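What follows is a set of notes on a single structure, which appears directly below.
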There are 2 protein chains.
Amino acid sequence: MKQLVEERQGETASRCGHTPVLHAPPVLPVQDVDGEIEGQRVRFVQHALIFLEGDPADRIFQVVDGAVMLYKLLPDGRRQVVELLGPGDIFGLSFKPVHDSSAETLSPALVTSYERSAVERSPHFLARLNRCVQSQICALHEHAVLLGRKSALERVASFLMRFVPLHTCPTHQDREQMLATVRLTMTRQEIADYLGLTIETVSRAFSELRRRGVVSIEKQDEVKINHVCGICRLTGTH
Amino acid sequence: MKQLVEERQGETASRCGHTPVLHAPPVLPVQDVDGEIEGQRVRFVQHALIFLEGDPADRIFQVVDGAVMLYKLLPDGRRQVVELLGPGDIFGLSFKPVHDSSAETLSPALVTSYERSAVERSPHFLARLNRCVQSQICALHEHAVLLGRKSALERVASFLMRFVPLHTCPTHQDREQMLATVRLTMTRQEIADYLGLTIETVSRAFSELRRRGVVSIEKQDEVKINHVCGICRLTGTH
DNA sequence: GGCCGTCAATGACGGCGCTCAAGGTTCCAA
DNA sequence: TTGGAACCTTGAGCGCCGTCATTGACGGCC
(Lines give C-alpha, C1' and ligand atoms only; values in the text may rest on other atoms or scores of the structure.)
Protein backbone atom coordinates (compact mmCIF):
# COMPACT_ATOMS: atom_id res chain seq x y z
CA MET A 1 0.00 0.00 0.00
CA LYS A 2 2.96 2.22 0.60
CA GLN A 3 3.81 2.32 -3.07
CA LEU A 4 0.51 3.98 -3.81
CA VAL A 5 1.43 6.94 -1.79
CA GLU A 6 1.87 10.03 -3.82
CA GLU A 7 1.90 11.40 -7.26
CA ARG A 8 0.71 14.94 -6.89
CA GLN A 9 0.07 16.99 -3.87
CA GLY A 10 -2.90 19.31 -3.71
CA GLU A 11 -2.79 23.03 -4.12
CA THR A 12 -5.24 24.57 -1.69
CA ALA A 13 -6.90 23.75 1.59
CA SER A 14 -10.42 22.41 1.47
CA ARG A 15 -13.42 24.44 2.60
CA CYS A 16 -13.43 23.00 6.07
CA GLY A 17 -9.69 23.23 6.49
CA HIS A 18 -9.22 19.54 7.03
CA THR A 19 -7.12 18.42 4.15
CA PRO A 20 -5.00 19.17 1.16
CA VAL A 21 -6.70 19.15 -2.19
CA LEU A 22 -5.94 17.13 -5.26
CA HIS A 23 -7.78 18.56 -8.19
CA ALA A 24 -5.44 17.24 -10.85
CA PRO A 25 -7.07 15.67 -13.87
CA PRO A 26 -7.22 11.86 -13.95
CA VAL A 27 -4.06 10.18 -15.09
CA LEU A 28 -4.11 6.67 -16.44
CA PRO A 29 -6.73 5.90 -19.05
CA VAL A 30 -7.47 2.21 -18.75
CA GLN A 31 -9.91 -0.18 -20.27
CA ASP A 32 -12.69 -1.33 -17.98
CA VAL A 33 -12.42 -4.95 -16.92
CA ASP A 34 -15.49 -5.67 -18.97
CA GLY A 35 -13.93 -4.02 -21.96
CA GLU A 36 -16.98 -1.87 -22.41
CA ILE A 37 -16.23 1.46 -20.90
CA GLU A 38 -13.08 3.41 -20.66
CA GLY A 39 -12.13 4.16 -17.10
CA GLN A 40 -9.38 6.39 -15.82
CA ARG A 41 -7.24 5.39 -12.91
CA VAL A 42 -5.90 7.89 -10.43
CA ARG A 43 -3.74 7.45 -7.39
CA PHE A 44 -4.42 9.73 -4.46
CA VAL A 45 -2.29 10.45 -1.43
CA GLN A 46 -3.79 10.06 2.02
CA HIS A 47 -6.23 12.83 2.92
CA ALA A 48 -6.61 13.99 -0.64
CA LEU A 49 -9.84 15.60 -1.73
CA ILE A 50 -11.41 13.83 -4.70
CA PHE A 51 -14.34 16.18 -5.15
CA LEU A 52 -16.37 18.67 -3.19
CA GLU A 53 -20.08 18.79 -2.53
CA GLY A 54 -21.48 20.96 -5.28
CA ASP A 55 -18.88 20.01 -7.89
CA PRO A 56 -20.32 18.89 -11.22
CA ALA A 57 -21.08 15.18 -11.07
CA ASP A 58 -20.18 14.07 -14.57
CA ARG A 59 -18.05 11.12 -13.54
CA ILE A 60 -18.60 8.27 -11.14
CA PHE A 61 -15.84 6.59 -9.18
CA GLN A 62 -14.90 3.20 -7.90
CA VAL A 63 -12.40 2.44 -5.18
CA VAL A 64 -9.82 -0.05 -6.38
CA ASP A 65 -7.58 0.04 -3.35
CA GLY A 66 -7.47 2.05 -0.16
CA ALA A 67 -10.26 3.81 1.71
CA VAL A 68 -12.43 6.82 0.90
CA MET A 69 -14.94 8.75 2.97
CA LEU A 70 -17.92 10.80 1.87
CA TYR A 71 -19.00 13.66 4.08
CA LYS A 72 -21.39 16.57 4.19
CA LEU A 73 -21.00 19.90 5.94
CA LEU A 74 -23.58 22.14 7.52
CA PRO A 75 -23.15 25.89 6.99
CA ASP A 76 -21.92 26.35 10.57
CA GLY A 77 -19.14 23.79 10.09
CA ARG A 78 -20.68 20.69 11.61
CA ARG A 79 -19.57 17.69 9.60
CA GLN A 80 -21.08 14.27 9.12
CA VAL A 81 -19.19 11.47 7.41
CA VAL A 82 -21.96 9.68 5.54
CA GLU A 83 -20.09 6.73 4.04
CA LEU A 84 -16.88 4.82 4.48
CA LEU A 85 -15.80 3.09 1.28
CA GLY A 86 -13.33 0.34 0.47
CA PRO A 87 -12.26 -1.61 -2.61
CA GLY A 88 -15.16 -2.24 -4.98
CA ASP A 89 -17.37 0.52 -3.58
CA ILE A 90 -18.80 3.09 -5.93
CA PHE A 91 -19.23 6.77 -5.22
CA GLY A 92 -20.00 10.04 -6.92
CA LEU A 93 -23.58 9.05 -7.66
CA SER A 94 -26.10 11.84 -7.45
CA PHE A 95 -29.55 12.44 -8.79
CA LYS A 96 -28.66 16.04 -9.35
CA PRO A 97 -26.01 17.33 -11.77
CA VAL A 98 -23.73 18.09 -8.82
CA HIS A 99 -22.31 15.95 -6.05
CA ASP A 100 -24.31 15.81 -2.85
CA SER A 101 -21.27 15.19 -0.66
CA SER A 102 -17.52 15.61 -0.65
CA ALA A 103 -15.11 12.70 -1.12
CA GLU A 104 -11.75 12.38 0.54
CA THR A 105 -9.20 9.57 0.84
CA LEU A 106 -8.53 8.07 4.27
CA SER A 107 -5.43 6.27 3.06
CA PRO A 108 -3.38 6.29 -0.10
CA ALA A 109 -5.94 5.13 -2.65
CA LEU A 110 -6.32 3.94 -6.19
CA VAL A 111 -9.55 5.03 -7.81
CA THR A 112 -11.11 4.44 -11.21
CA SER A 113 -13.48 6.98 -12.68
CA TYR A 114 -15.95 6.59 -15.51
CA GLU A 115 -17.92 9.01 -17.57
CA ARG A 116 -21.36 9.11 -16.09
CA SER A 117 -23.33 9.23 -19.32
CA ALA A 118 -21.38 6.29 -20.74
CA VAL A 119 -22.06 4.20 -17.66
CA GLU A 120 -25.74 4.86 -17.91
CA ARG A 121 -25.76 3.55 -21.48
CA SER A 122 -24.00 0.28 -20.67
CA PRO A 123 -26.32 -2.51 -19.50
CA HIS A 124 -23.44 -4.61 -18.32
CA PHE A 125 -22.06 -1.82 -16.22
CA LEU A 126 -25.47 -0.89 -14.88
CA ALA A 127 -25.92 -4.43 -13.60
CA ARG A 128 -22.64 -4.24 -11.72
CA LEU A 129 -23.48 -0.78 -10.47
CA ASN A 130 -26.80 -2.06 -9.27
CA ARG A 131 -25.21 -4.74 -7.12
CA CYS A 132 -22.73 -2.30 -5.57
CA VAL A 133 -25.38 0.24 -4.83
CA GLN A 134 -27.62 -2.23 -3.07
CA SER A 135 -24.99 -3.16 -0.54
CA GLN A 136 -24.30 0.52 0.05
CA ILE A 137 -27.95 1.17 0.74
CA CYS A 138 -27.96 -1.60 3.32
CA ALA A 139 -24.88 -0.05 4.92
CA LEU A 140 -26.61 3.32 5.01
CA HIS A 141 -29.63 1.77 6.71
CA GLU A 142 -27.41 0.16 9.30
CA HIS A 143 -25.66 3.45 9.86
CA ALA A 144 -28.96 5.26 10.35
CA VAL A 145 -29.71 2.86 13.19
CA LEU A 146 -26.34 3.60 14.70
CA LEU A 147 -26.77 7.37 14.44
CA GLY A 148 -30.38 7.45 15.53
CA ARG A 149 -30.55 4.84 18.24
CA LYS A 150 -27.19 3.78 19.64
CA SER A 151 -25.24 5.07 22.63
CA ALA A 152 -21.69 6.34 22.29
CA LEU A 153 -20.19 3.08 23.50
CA GLU A 154 -22.39 1.05 21.15
CA ARG A 155 -21.35 3.27 18.24
CA VAL A 156 -17.66 2.84 18.89
CA ALA A 157 -18.06 -0.91 19.43
CA SER A 158 -19.99 -1.16 16.15
CA PHE A 159 -17.28 0.85 14.45
CA LEU A 160 -14.58 -1.53 15.64
CA MET A 161 -16.59 -4.53 14.46
CA ARG A 162 -16.23 -3.19 10.92
CA PHE A 163 -12.58 -4.19 11.10
CA VAL A 164 -13.13 -7.71 12.34
CA PRO A 165 -12.80 -9.81 9.18
CA LEU A 166 -15.11 -12.71 10.08
CA HIS A 167 -18.32 -12.44 12.00
CA THR A 168 -19.14 -16.12 12.05
CA CYS A 169 -17.77 -19.19 13.82
CA PRO A 170 -14.07 -18.53 13.56
CA THR A 171 -11.69 -21.46 13.43
CA HIS A 172 -8.70 -21.21 15.69
CA GLN A 173 -6.57 -19.76 12.93
CA ASP A 174 -9.16 -17.16 12.06
CA ARG A 175 -9.47 -16.23 15.66
CA GLU A 176 -5.76 -15.63 15.78
CA GLN A 177 -6.07 -13.23 12.90
CA MET A 178 -9.03 -11.55 14.51
CA LEU A 179 -6.99 -10.92 17.59
CA ALA A 180 -4.41 -9.17 15.50
CA THR A 181 -3.98 -5.45 15.69
CA VAL A 182 -6.34 -3.29 13.69
CA ARG A 183 -4.91 -0.18 12.11
CA LEU A 184 -7.33 2.71 12.03
CA THR A 185 -6.47 4.99 9.16
CA MET A 186 -8.84 7.57 10.61
CA THR A 187 -8.16 10.29 13.15
CA ARG A 188 -10.38 10.62 16.20
CA GLN A 189 -12.04 13.58 14.51
CA GLU A 190 -12.92 11.53 11.46
CA ILE A 191 -14.22 8.69 13.59
CA ALA A 192 -16.27 11.16 15.63
CA ASP A 193 -17.74 12.74 12.50
CA TYR A 194 -18.64 9.30 11.20
CA LEU A 195 -20.28 8.22 14.45
CA GLY A 196 -22.08 11.49 15.12
CA LEU A 197 -20.05 12.17 18.28
CA THR A 198 -17.27 14.47 19.47
CA ILE A 199 -13.60 13.47 19.65
CA GLU A 200 -13.74 13.56 23.42
CA THR A 201 -16.61 11.11 23.55
CA VAL A 202 -14.88 8.78 21.09
CA SER A 203 -11.75 8.98 23.19
CA ARG A 204 -13.65 8.21 26.37
CA ALA A 205 -15.38 5.27 24.69
CA PHE A 206 -12.03 3.82 23.63
CA SER A 207 -10.79 4.22 27.20
CA GLU A 208 -13.90 2.52 28.52
CA LEU A 209 -13.39 -0.43 26.16
CA ARG A 210 -9.80 -0.63 27.32
CA ARG A 211 -10.91 -0.48 30.96
CA ARG A 212 -13.27 -3.37 30.27
CA GLY A 213 -10.42 -5.32 28.75
CA VAL A 214 -11.94 -5.98 25.32
CA VAL A 215 -9.33 -3.92 23.48
CA SER A 216 -5.82 -2.62 24.04
CA ILE A 217 -4.70 0.62 22.47
CA GLU A 218 -1.17 -0.04 21.20
CA LYS A 219 -0.55 3.21 19.43
CA GLN A 220 -3.01 5.98 18.68
CA ASP A 221 -4.16 4.36 15.48
CA GLU A 222 -3.57 0.73 16.44
CA VAL A 223 -6.20 -1.15 18.39
CA LYS A 224 -5.69 -4.70 19.54
CA ILE A 225 -8.91 -6.65 19.70
CA ASN A 226 -8.74 -8.90 22.75
CA HIS A 227 -12.27 -10.14 22.89
CA VAL A 228 -14.35 -10.07 19.72
CA CYS A 229 -17.49 -11.44 21.35
CA GLY A 230 -17.18 -8.89 24.11
CA ILE A 231 -17.14 -6.02 21.65
CA CYS A 232 -19.89 -7.59 19.59
CA ARG A 233 -22.14 -7.75 22.63
CA LEU A 234 -21.58 -4.05 23.20
CA THR A 235 -22.74 -3.04 19.72
CA GLY A 236 -26.42 -3.27 20.63
CA THR A 237 -27.04 -5.24 17.45
CA HIS A 238 -26.59 -8.70 18.93
CA MET B 1 -56.68 8.51 -2.13
CA LYS B 2 -59.63 7.41 -0.10
CA GLN B 3 -60.72 4.90 -2.69
CA LEU B 4 -57.49 3.03 -2.31
CA VAL B 5 -58.21 2.22 1.24
CA GLU B 6 -58.69 -1.40 1.92
CA GLU B 7 -58.88 -4.74 0.33
CA ARG B 8 -57.60 -7.15 2.93
CA GLN B 9 -56.81 -6.70 6.53
CA GLY B 10 -53.80 -8.37 8.15
CA GLU B 11 -53.90 -11.43 10.33
CA THR B 12 -51.33 -11.00 13.08
CA ALA B 13 -49.50 -8.28 14.91
CA SER B 14 -45.99 -7.43 13.80
CA ARG B 15 -42.92 -8.24 15.88
CA CYS B 16 -42.81 -4.84 17.49
CA GLY B 17 -46.53 -4.74 18.14
CA HIS B 18 -47.08 -1.64 16.07
CA THR B 19 -49.32 -2.69 13.28
CA PRO B 20 -51.52 -5.23 11.62
CA VAL B 21 -49.91 -7.43 9.01
CA LEU B 22 -50.83 -7.97 5.42
CA HIS B 23 -49.14 -11.04 4.10
CA ALA B 24 -51.61 -11.78 1.34
CA PRO B 25 -50.16 -12.61 -2.05
CA PRO B 26 -50.06 -9.83 -4.64
CA VAL B 27 -53.28 -9.22 -6.45
CA LEU B 28 -53.35 -7.51 -9.82
CA PRO B 29 -50.81 -8.75 -12.36
CA VAL B 30 -50.13 -5.79 -14.62
CA GLN B 31 -47.83 -5.10 -17.48
CA ASP B 32 -44.96 -2.79 -16.70
CA VAL B 33 -45.21 0.61 -18.35
CA ASP B 34 -42.25 -0.33 -20.48
CA GLY B 35 -43.93 -3.54 -21.53
CA GLU B 36 -40.86 -5.48 -20.52
CA ILE B 37 -41.48 -6.90 -17.13
CA GLU B 38 -44.59 -8.12 -15.52
CA GLY B 39 -45.37 -6.29 -12.33
CA GLN B 40 -48.02 -7.05 -9.78
CA ARG B 41 -50.07 -4.34 -8.17
CA VAL B 42 -51.26 -4.55 -4.60
CA ARG B 43 -53.31 -2.16 -2.55
CA PHE B 44 -52.47 -1.92 1.12
CA VAL B 45 -54.45 -0.39 3.95
CA GLN B 46 -52.82 2.15 6.21
CA HIS B 47 -50.31 0.65 8.64
CA ALA B 48 -50.06 -2.61 6.72
CA LEU B 49 -46.86 -4.59 6.87
CA ILE B 50 -45.44 -5.27 3.40
CA PHE B 51 -42.50 -7.38 4.50
CA LEU B 52 -40.35 -7.98 7.54
CA GLU B 53 -36.62 -7.69 7.96
CA GLY B 54 -35.31 -11.18 7.29
CA ASP B 55 -38.03 -12.16 4.83
CA PRO B 56 -36.75 -13.54 1.53
CA ALA B 57 -36.02 -10.69 -0.86
CA ASP B 58 -37.10 -12.18 -4.16
CA ARG B 59 -39.22 -9.25 -5.27
CA ILE B 60 -38.60 -5.53 -5.39
CA PHE B 61 -41.29 -2.93 -4.93
CA GLN B 62 -42.22 0.49 -6.20
CA VAL B 63 -44.61 2.90 -4.57
CA VAL B 64 -47.28 4.02 -7.02
CA ASP B 65 -49.40 5.99 -4.62
CA GLY B 66 -49.35 6.62 -0.88
CA ALA B 67 -46.46 6.47 1.57
CA VAL B 68 -44.28 3.66 2.88
CA MET B 69 -41.66 3.56 5.59
CA LEU B 70 -38.70 1.24 6.03
CA TYR B 71 -37.47 0.55 9.53
CA LYS B 72 -35.04 -1.59 11.44
CA LEU B 73 -35.30 -2.90 15.00
CA LEU B 74 -32.60 -3.57 17.56
CA PRO B 75 -33.01 -6.70 19.68
CA ASP B 76 -34.07 -4.62 22.70
CA GLY B 77 -36.91 -3.01 20.77
CA ARG B 78 -35.36 0.30 19.75
CA ARG B 79 -36.59 1.22 16.32
CA GLN B 80 -35.15 3.42 13.59
CA VAL B 81 -37.17 4.41 10.55
CA VAL B 82 -34.50 4.44 7.84
CA GLU B 83 -36.48 5.68 4.84
CA LEU B 84 -39.71 7.46 4.04
CA LEU B 85 -40.94 6.64 0.55
CA GLY B 86 -43.48 8.20 -1.78
CA PRO B 87 -44.72 7.64 -5.34
CA GLY B 88 -41.92 6.47 -7.64
CA ASP B 89 -39.63 5.30 -4.85
CA ILE B 90 -38.25 1.80 -4.95
CA PHE B 91 -37.74 -0.49 -2.00
CA GLY B 92 -37.00 -4.07 -1.13
CA LEU B 93 -33.47 -3.87 -2.49
CA SER B 94 -30.91 -5.87 -0.58
CA PHE B 95 -27.50 -7.28 -1.33
CA LYS B 96 -28.36 -10.33 0.69
CA PRO B 97 -31.11 -12.84 -0.16
CA VAL B 98 -33.25 -11.42 2.65
CA HIS B 99 -34.60 -7.95 3.35
CA ASP B 100 -32.44 -5.76 5.57
CA SER B 101 -35.38 -3.80 6.91
CA SER B 102 -39.14 -4.02 7.36
CA ALA B 103 -41.60 -2.12 5.17
CA GLU B 104 -44.90 -0.71 6.33
CA THR B 105 -47.46 1.62 4.80
CA LEU B 106 -48.00 5.03 6.37
CA SER B 107 -51.17 5.63 4.40
CA PRO B 108 -53.35 3.56 2.15
CA ALA B 109 -50.93 2.69 -0.63
CA LEU B 110 -50.73 1.21 -4.09
CA VAL B 111 -47.54 -0.72 -4.71
CA THR B 112 -46.14 -2.58 -7.71
CA SER B 113 -43.79 -5.49 -7.19
CA TYR B 114 -41.44 -7.11 -9.69
CA GLU B 115 -39.55 -10.34 -9.68
CA ARG B 116 -36.05 -9.49 -8.66
CA SER B 117 -34.22 -11.77 -11.07
CA ALA B 118 -36.26 -10.48 -14.00
CA VAL B 119 -35.49 -6.89 -13.12
CA GLU B 120 -31.80 -7.61 -13.02
CA ARG B 121 -31.94 -9.01 -16.54
CA SER B 122 -33.71 -6.01 -18.04
CA PRO B 123 -31.36 -3.20 -19.09
CA HIS B 124 -34.22 -0.79 -19.55
CA PHE B 125 -35.48 -1.45 -16.08
CA LEU B 126 -32.03 -1.29 -14.57
CA ALA B 127 -31.58 2.18 -16.00
CA ARG B 128 -34.79 3.35 -14.34
CA LEU B 129 -33.85 1.59 -11.14
CA ASN B 130 -30.50 3.29 -11.20
CA ARG B 131 -32.04 6.74 -11.33
CA CYS B 132 -34.43 6.00 -8.48
CA VAL B 133 -31.71 4.55 -6.32
CA GLN B 134 -29.43 7.52 -6.73
CA SER B 135 -31.95 9.95 -5.35
CA GLN B 136 -32.58 7.61 -2.44
CA ILE B 137 -28.89 7.50 -1.65
CA CYS B 138 -28.80 11.29 -1.56
CA ALA B 139 -31.78 11.24 0.79
CA LEU B 140 -29.98 8.74 3.04
CA HIS B 141 -26.92 10.99 3.12
CA GLU B 142 -29.05 13.95 4.07
CA HIS B 143 -30.72 11.90 6.76
CA ALA B 144 -27.38 10.81 8.19
CA VAL B 145 -26.54 14.48 8.68
CA LEU B 146 -29.84 15.00 10.44
CA LEU B 147 -29.35 12.00 12.74
CA GLY B 148 -25.70 12.62 13.45
CA ARG B 149 -25.45 16.37 13.73
CA LYS B 150 -28.77 18.15 14.18
CA SER B 151 -30.57 19.22 17.35
CA ALA B 152 -34.10 18.09 18.08
CA LEU B 153 -35.61 21.37 16.88
CA GLU B 154 -33.55 21.26 13.70
CA ARG B 155 -34.66 17.69 13.05
CA VAL B 156 -38.34 18.51 13.41
CA ALA B 157 -37.97 21.65 11.30
CA SER B 158 -36.19 19.62 8.61
CA PHE B 159 -38.94 17.04 8.80
CA LEU B 160 -41.63 19.66 8.20
CA MET B 161 -39.72 21.07 5.24
CA ARG B 162 -40.23 17.73 3.50
CA PHE B 163 -43.86 18.66 3.14
CA VAL B 164 -43.31 22.10 1.68
CA PRO B 165 -43.78 21.57 -2.05
CA LEU B 166 -41.46 24.27 -3.41
CA HIS B 167 -38.19 25.29 -1.90
CA THR B 168 -37.39 28.07 -4.33
CA CYS B 169 -38.70 31.56 -4.97
CA PRO B 170 -42.40 30.98 -4.58
CA THR B 171 -44.82 33.13 -6.49
CA HIS B 172 -47.69 34.53 -4.52
CA GLN B 173 -49.95 31.69 -5.56
CA ASP B 174 -47.39 29.07 -4.58
CA ARG B 175 -46.93 30.74 -1.27
CA GLU B 176 -50.64 30.51 -0.67
CA GLN B 177 -50.46 26.80 -1.26
CA MET B 178 -47.43 26.49 0.93
CA LEU B 179 -49.30 28.12 3.75
CA ALA B 180 -51.94 25.48 3.45
CA THR B 181 -52.27 22.82 6.08
CA VAL B 182 -49.98 19.83 5.93
CA ARG B 183 -51.42 16.48 6.91
CA LEU B 184 -48.96 14.23 8.67
CA THR B 185 -49.90 10.64 8.08
CA MET B 186 -47.43 9.64 10.77
CA THR B 187 -47.95 9.31 14.50
CA ARG B 188 -45.58 11.04 16.90
CA GLN B 189 -43.99 7.67 17.55
CA GLU B 190 -43.26 7.16 13.87
CA ILE B 191 -41.89 10.68 13.51
CA ALA B 192 -39.72 10.16 16.57
CA ASP B 193 -38.38 6.86 15.25
CA TYR B 194 -37.59 8.54 11.95
CA LEU B 195 -35.83 11.49 13.57
CA GLY B 196 -33.94 9.47 16.18
CA LEU B 197 -35.82 11.10 19.07
CA THR B 198 -38.51 10.21 21.61
CA ILE B 199 -42.18 11.15 21.23
CA GLU B 200 -41.87 13.60 24.09
CA THR B 201 -39.03 15.46 22.43
CA VAL B 202 -40.91 15.60 19.12
CA SER B 203 -43.94 16.93 20.93
CA ARG B 204 -41.91 19.58 22.70
CA ALA B 205 -40.31 20.62 19.42
CA PHE B 206 -43.72 21.06 17.81
CA SER B 207 -44.80 23.17 20.77
CA GLU B 208 -41.66 25.24 20.49
CA LEU B 209 -42.33 25.87 16.79
CA ARG B 210 -45.87 26.88 17.68
CA ARG B 211 -44.61 29.17 20.43
CA ARG B 212 -42.32 30.82 17.90
CA GLY B 213 -45.26 31.31 15.58
CA VAL B 214 -43.89 29.49 12.54
CA VAL B 215 -46.56 26.79 12.66
CA SER B 216 -50.01 26.23 14.08
CA ILE B 217 -51.15 22.80 15.13
CA GLU B 218 -54.73 22.53 13.90
CA LYS B 219 -55.38 18.94 14.77
CA GLN B 220 -52.90 16.34 15.99
CA ASP B 221 -51.91 15.39 12.49
CA GLU B 222 -52.52 18.72 10.77
CA VAL B 223 -49.86 21.38 10.86
CA LYS B 224 -50.37 24.81 9.37
CA ILE B 225 -47.17 26.31 8.04
CA ASN B 226 -47.24 30.02 8.84
CA HIS B 227 -43.74 31.00 7.96
CA VAL B 228 -41.79 28.78 5.56
CA CYS B 229 -38.60 30.81 5.74
CA GLY B 230 -38.77 30.75 9.49
CA ILE B 231 -38.87 26.99 9.56
CA CYS B 232 -36.25 26.73 6.88
CA ARG B 233 -33.87 28.84 8.93
CA LEU B 234 -34.34 26.46 11.86
CA THR B 235 -33.33 23.37 9.89
CA GLY B 236 -29.63 24.08 10.26
CA THR B 237 -29.17 23.42 6.55
CA HIS B 238 -29.59 27.02 5.36
C1' DG C 1 18.46 19.48 22.22
C1' DG C 2 14.76 22.70 22.37
C1' DC C 3 10.74 24.51 20.31
C1' DC C 4 6.45 24.03 18.38
C1' DG C 5 2.42 21.97 16.04
C1' DT C 6 -0.75 18.21 15.96
C1' DC C 7 -3.39 14.86 18.07
C1' DA C 8 -5.24 12.19 21.95
C1' DA C 9 -6.68 11.59 26.86
C1' DT C 10 -8.84 13.27 30.85
C1' DG C 11 -11.36 16.15 34.14
C1' DA C 12 -14.97 19.69 35.46
C1' DC C 13 -19.18 21.36 34.35
C1' DG C 14 -23.51 22.28 32.06
C1' DG C 15 -27.31 21.44 28.90
C1' DC C 16 -30.04 18.80 25.74
C1' DG C 17 -32.80 15.22 25.41
C1' DC C 18 -34.41 10.82 27.79
C1' DT C 19 -37.26 8.80 31.57
C1' DC C 20 -41.10 8.68 34.29
C1' DA C 21 -45.45 10.38 35.49
C1' DA C 22 -49.71 12.93 35.17
C1' DG C 23 -53.12 15.18 32.68
C1' DG C 24 -55.33 16.64 28.28
C1' DT C 25 -57.32 15.67 23.32
C1' DT C 26 -59.35 13.24 19.91
C1' DC C 27 -62.26 10.00 18.27
C1' DC C 28 -65.07 6.08 18.17
C1' DA C 29 -68.64 3.15 19.87
C1' DA C 30 -72.24 2.22 22.83
C1' DT D 1 -74.14 12.08 25.35
C1' DT D 2 -70.92 9.46 27.73
C1' DG D 3 -67.17 6.34 28.55
C1' DG D 4 -62.95 4.65 27.22
C1' DA D 5 -58.88 3.77 24.45
C1' DA D 6 -55.27 5.65 21.95
C1' DC D 7 -52.58 9.34 21.34
C1' DC D 8 -50.50 13.68 22.52
C1' DT D 9 -48.74 17.35 25.72
C1' DT D 10 -46.43 19.00 29.63
C1' DG D 11 -43.64 18.95 33.79
C1' DA D 12 -39.84 17.31 37.02
C1' DG D 13 -35.58 15.14 37.45
C1' DC D 14 -31.58 13.02 35.84
C1' DG D 15 -27.91 11.14 32.95
C1' DC D 16 -25.30 10.98 28.86
C1' DC D 17 -22.72 13.48 26.08
C1' DG D 18 -21.09 18.11 24.46
C1' DT D 19 -18.13 22.11 25.78
C1' DC D 20 -14.10 23.95 27.54
C1' DA D 21 -9.62 23.61 29.32
C1' DT D 22 -5.42 21.19 30.67
C1' DT D 23 -1.95 17.82 30.13
C1' DG D 24 0.74 14.52 27.78
C1' DA D 25 2.71 11.89 23.68
C1' DC D 26 4.76 12.11 19.38
C1' DG D 27 7.15 13.95 15.45
C1' DG D 28 9.18 17.56 12.44
C1' DC D 29 12.26 21.34 12.10
C1' DC D 30 15.83 24.58 12.91
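Residue numbers start from 1 in every chain, and the chains themselves are labelled A, B, ... in the order their sequence lines are given, proteins ahead of strands. Below, each value reflects all heavy atoms present in this structure, side chains not excepted, and no hydrogens, waters or symmetry copies. As the structure is a prediction and not an experimental result, all values here were calculated from the model.
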Can you give me the N/O atom pairs linking the protein to nucleotides 20-26 of chain D at distances under 3.5 Å, or say none if there are none?
residue : atom : partner : partner atom : Å
D:dC20  : N4   : A:E200  : OE2          : 3.0

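- Judged by distance alone, with hydrogens and angles left aside, the side-chain atoms of A:E154 form no donor-acceptor pair with the main-chain N or O of A:L234 at under 3.5 Å.
- For B:K219, the side-chain atoms get nearest to C:dC27 when compared with the rest of C:dC18, D:dT19, C:dC27.
- In this structure a side-chain-to-backbone donor-acceptor pair under 3.5 Å is present from A:R188 to A:Q220.
- Phosphate contact (OP1/OP2 of C:dT10, side-chain N/O of A:S207, threshold under 4.0 Å): present.
- Residue B:E208 contributes atom CD, which lies 11 Å from atom P of D:dT10 at whole-angstrom precision.
- Atom C1' of nucleotide C:dT25 and atom CZ of B:R210 are separated by 13 Å, given to the nearest angstrom.
- Between the side chain of B:Q46 and the backbone N or O of B:P108 there is no donor-acceptor pair closer than 3.5 Å.
- Checking A:S207 against A:R210 by side-chain atom types alone, a donor-acceptor pair falls below 3.5 Å.
- Contact between the side-chain N/O atoms of B:S203 and the OP1/OP2 oxygens of D:dT9 is found at a separation under 4.0 Å.
- Using modelled atom types, one finds no donor on one side chain facing an acceptor on the other under 3.5 Å when comparing B:Q80 with A:H141.
- By the 4.5 Å heavy-atom criterion applied to side chains, B:T237 and B:E142 are counted as neighbours.
- Following rounding to the nearest Å, B:F206 (CZ) and C:dT25 (P) show an atom-to-atom distance of 18 Å.
- At its two ends the helix from C:dG1-D:dC30 to C:dA30-D:dT1 runs along axes set 30° apart, each axis drawn from five pairs and the angle rounded to 10°.
- Phosphate proximity of D:dG18 to A:T201: present, with a side-chain N or O under 4.0 Å from OP1 or OP2.
- A:Q189 places its CD atom 12 Å from the P atom of D:dG18, with the value rounded to the nearest Å.
- Between B:R155 and the phosphate of C:dC16, there is no side-chain N or O to OP1/OP2 separation shorter than 4.0 Å.
- Residue B:I199 is out of contact with every strand shown, counting any heavy-atom pair closer than 4.0 Å.
- We find that CD of B:E190 is positioned 14 Å from C1' of D:dC8, with the value rounded to whole Å.
- The separation between B:E218 atom CD and D:dT9 atom C1' is 17 Å, rounded to whole Å.
- Distances shown here put every side-chain N or O of A:R188 at or beyond 4.0 Å from the OP1 or OP2 atom of C:dT10.
- Nucleic acid contact for B:R149: none, since no nucleic acid atom lies under 4.0 Å from a heavy atom of the residue.
- A salt bridge between A:E208 and A:R212 is present, with a side-chain N of the basic residue lying under 4.0 Å from a carboxylate O of the acidic one.
- For the pair B:T185 and B:D221, the minimum side-chain heavy-atom distance is 4.5 Å or more.
- Side-chain contact check for B:S216 versus B:N226: some heavy-atom pair is nearer than 4.5 Å.
- Classified by interplanar angle (parallel below 30°, tilted 30° to 60°, perpendicular above 60°), the ring pair A:F51/A:H99 is parallel.
- DNA chain D is contacted by both B:V202 and A:K150; B:V202 maps to the nucleotide lying nearer its 5′ end (nearest heavy atom per residue).
- The interatomic distance linking B:E222 (CD) with D:dC8 (P) rounds to 14 Å, in whole Å.
- The nearest whole Å value for the distance from the CD atom in A:E154 to the C1' atom in D:dC17 is 14 Å.
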